[in-house]
*Asks:* 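After the structure tokens below, expect a handful of questions from me.
These numbers come from the heavy atoms of this one structure, side chains and all, not from hydrogens, waters or symmetry mates.
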Amino acid sequence: MTVPHHALEITLTRPLSTNALRRAAHALPLAANHDATRLMALVHAKHPHQAAHRLRRQLGLRLPIDVITTHYPDADHTMLLNVAFPPVIQAALKAHARRAHQTPERFVELALHRVLAEHADRETDRLDQAVHDLLAHTTPAYLLSAIGHALARLPERRTP
């Protein structure tokens, strides 16, 4: 059985100098974005969480790592988020999780899901209101045509 490699993205708390990036790349090959605040690495491990742990262990003292994520979603369309919290935050998370009868990991996971769902609901409401405001001054056909024209002229960009 072969052990897979996992593509991991590292978000740094500050940009790296060329020398710091070169020193870190001696421990593990890395690819950096244009301002050296995000790095990519391939890590050999059975599971993504093991890969993230190995990466943090190998580079944690060499780089100002903020977050490590899997670059590709798994079969369940989820991505691993690896964050090293300061001890005070870690203690507070453990206390809140214990009161909720959850592991700290599950507590954070559910909190993130809740916050993301709330954000999606607010964004849906905002867009719904904007469409209603636009429809007060035009017909649905004109609005749809204008949206189509605007979308066709947009430069390629990542979705948020």
*Asks:* Are V131 and I147 joined in one hydrophobic group, where the rule is that I, L, V, M, F, W and Y side chains link up if heavy atoms are under 4.5 Å apart?
*Replies:*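 Same cluster.
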*Asks:* Regarding D35 and T37, is there a side-chain donor-to-acceptor distance under 3.5 Å anywhere?
*Replies:*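 Side chains of D35 and T37: pair found under 3.5 Å.
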*Asks:* For the residue pair P29 and L42, establish whether any side-chain heavy-atom pair is separated by less than 4.5 Å.
*Replies:*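 Answer no - side chains too far apart.
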*Asks:* Using the rule that Ile, Leu, Val, Met, Phe, Trp and Tyr join whenever any side-chain heavy atoms are under 4.5 Å apart, tell me whether I68 and V108 fall into a single cluster.
*Replies:*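 Not linked; separate clusters.
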*Asks:* Scan the side chains in residues 88-99 for donor-acceptor partners under 3.5 Å anywhere in the protein, sequence neighbours excluded, and list what turns up.
*Replies:*
residue, atom, partner, partner atom, Å
H96, ND1, R99, NH2, 3.0

*Asks:* To the nearest 0.5 Å, what is the distance between CZ on R22 and NE2 on H26?
*Replies:* 7.5 Å
*Asks:* Quick one: are L16 and L39 in side-chain contact, heavy atoms under 4.5 Å?
*Replies:*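 With C-beta onward as the side chain, the pair touches.
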*Asks:* Show the nearest heavy-atom pair for residues A24 and R62, with the distance to one decimal.
*Replies:* CA-CD, 4.4 Å
*Asks:* Can you tell me how far the CD1 atom of I10 sits from the CG atom of L63, to the nearest 0.5 Å?
*Replies:* 6.5 Å
*Asks:* Sub-3.5 Å donor-acceptor pair from the side chain of N33 to the main-chain atoms of R38, do we have one?
*Replies:* yes
*Asks:* Between L12 and I65, is there a side-chain heavy-atom distance shorter than 4.5 Å?
*Replies:* yes
*Asks:* Between L80 and P48, what is the shortest heavy-atom contact and its length?
*Replies:*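 For L80 and P48, the tightest heavy-atom pair comes out as CD2-O, 3.5 Å.
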*Asks:* Kindly give the heavy-atom pair with the smallest separation between M79 and T70, and that separation in Å.
*Replies:*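 Closest heavy-atom pair between M79 and T70: CE-O, 2.6 Å.
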*Asks:* Do other residues, nucleotides or ligands put more than 12 heavy atoms under 6.0 Å from L61 CG?
*Replies:* no
*Asks:* What's the spacing between R106 CZ and E109 CD if we round to 0.5 Å?
*Replies:* 4.5 Å
*Asks:* Working to the nearest 0.5 angstrom, can you tell me the gap between K46 NZ and R54 CZ?
*Replies:* 11.0 Å
*Asks:* Once you round to the nearest 0.5 Å, how far does CG of L144 lie from CG of L135?
*Replies:*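 Rounded to the nearest 0.5 Å, the CG-CG separation comes to 10.0 Å.
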*Asks:* Taking all atoms of both residues into account, what is the closest heavy-atom pair of A25 and L30, and its distance?
*Replies:* N-CD1, 4.1 Å
*Asks:* Of the non-hydrogen atoms in L59 and A27, which two are nearest, and what is the gap between them?
*Replies:* CD2-CB, 3.9 Å
*Asks:* Which residues pass the side-chain contact (heavy atoms from CB on, under 4.5 Å) test with A31, not counting sequence neighbours?
*Replies:* M40
*Asks:* Output the distance between atom CG (D128) and atom CG (D133), rounded to the nearest 0.5 Å.
*Replies:*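 Atom-to-atom, D128:CG and D133:CG are 9.5 Å apart.
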*Asks:* Would a hydrophobic clustering, with Ile, Leu, Val, Met, Phe, Trp and Tyr connected at side-chain separations under 4.5 Å, put L151 with L134?
*Replies:*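 Linked, L151 and L134 end up in one cluster.
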*Asks:* Side chains of residues 114-125: which donor-acceptor partners sit under 3.5 Å, not counting sequence neighbours?
*Replies:*
residue, atom, partner, partner atom, Å
E123, OE1, R126, NE, 3.1
E123, OE2, R126, NH2, 2.6
T124, OG1, A120, O, 2.9

*Asks:* D66 and R56: which non-hydrogen atoms are nearest, and at how many Å?
*Replies:* O-NH2, 4.0 Å
*Asks:* Side-chain heavy atoms nearer than 4.5 Å, only ILVMFWY residues, links allowed to pass through others: does that put L8 and L28 together?
*Replies:*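 Yes, because L8 and L28 connect within a single hydrophobic cluster, where side-chain heavy atoms sit under 4.5 Å apart.
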*Asks:* Applying the 4.5 Å side-chain criterion to the ILVMFWY set and letting contacts propagate, would F85 and L112 be lumped into a single cluster?
*Replies:*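 Same cluster.
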